[in-house]
Amino acid sequence: MQKISVCFLPYSMPDSNTTDFTNPSTFLLLGIPGLEAAHVWISIPFCAMYAIAVLGNFTILFIVKIEPSLHGPMYYFLCMLAVTDLVLSTSILPKTLSIFWFNSGEIDFNACLTQLYFIYCFSWMESGIFVAMAFDRYVAICNPLRYSTILTNPVVAKIGLAVVLRGGMLILPYPLLARQWPYCKTNIIPHSYCEHIAVVKLACADIRISSYYSLSVAFFFFGLDVFFIIMSYIQTLRAILSLPTKDARLKTFGTCGSHLCVILAFYIPTLFSALMHRFGHNVPLHLHILIANMYLLVPPMLNPIIYGVRTKQIRDRLLRLITHKGA
């Protein structure tokens, strides 16, 4: 705590931010400390990524809605992913841009905890959706004759509900525990959004329960998701390699390739950010925060692009829509 207050002394914050208090009404987000002069320039790629994410994900939702042939389990899961990406990116970027453009870093205590909850809740939902999509591909390739009987609409709805409930229940202790801690000395958060550990570190109490819980949830459930995805794709790859013709193998692998690209785009930055946060103590703070923003902004931007380019049914329907309007 002492290190933070000394580091940001040049901001000359009012005394109310440095005196003891137990129930702060607001927190102050600093954006990206050390890169304040570049905030406006950093906002340009951030804003571009967000615009692409919103346009791309709404396009996916629209195409799936208007095309009856896309009303199937794979595309329902894709729509769940699109909605999750929209909420995830929207939960951080408007506030981040207000810091970059207007130096408006104040955020209400309850709003901060709400933002924290949405970020982590929908991140876990996204991870659960990837598990569901991997299972979908496994059934479609390894048990194609039973695909329509295994993944019926009620089953897809139950999987979606399970994903939502798991994300919501796992993350609920984050804001509940953060709310009960007494906060003292400073309400300044050296971050661009209400990141969990950055918030609870401001508490003048033993926060080991919050730290241990977040760490155990991340390693156990995150590891479990990755394990199920890997095992699913190992079985799927074996089934692909056993197909009789090269064309069939390439076509099937192309379908799975888009899923693998999207999964890697989510898990690699997430894992890298988590490792840096826990073990990269010598890494500059601004690099920590940039990476923490990237793993929330890059996957929502890339997912619709990857599916739009690599999924033939979506690509063809989009091209027909564009050429029809052009005509």
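Not measured: the values here are computed from a predicted model. Start at 1 with the first residue, then count along the sequence.
Residue L237 holds its CG atom at 14.5 Å from CZ of R137, rounded to the nearest 0.5 Å. A distance of 7.5 Å separates CZ of R317 from CZ of F62, quoted to the nearest 0.5 Å. Distance check: E106 CD to S98 OG gives 11.0 Å after rounding to the nearest 0.5 Å. Here the CG-CD1 distance, from N293 to I42, works out to 9.5 Å after rounding to the nearest 0.5 Å.
When all heavy atoms of C194 and L116 are compared, the closest pair comes out as O-CB, 3.6 Å. Here the shortest heavy-atom pairing between I289 and P33 reads CD1-CD, 3.4 Å. Pairing each heavy atom of C47 with each of L97, the nearest pair is SG-CD1, 4.3 Å.
Taking the six-membered ring for Trp and thresholds of 30 and 60 degrees, F27 and F109 have ring planes inclined between 30 and 60 degrees apart. The aromatic rings of H39 and F100 sit tilted, their planes meeting at an angle between 30° and 60°.
Each of Y75, Y147, Y76 was evaluated against D136; a single residue qualifies, Y147, per the side-chain hydrogen bond (donor to acceptor under 3.5 Å, both in side chains) test.
Y117 contributes a side-chain N or O that, together with a main-chain N or O of G168, makes up a donor-acceptor pair within less than 3.5 Å. Here the side chain of N303 pairs a donor or acceptor atom with the backbone of P299 at under 3.5 angstrom.
If you chain together hydrophobic residues whose side chains sit under 4.5 Å apart, L170 and L176 fall into the same group.
Applying the 4.5 Å side-chain rule to ILVMFWY residues, one finds L264 in the same cluster as I268.
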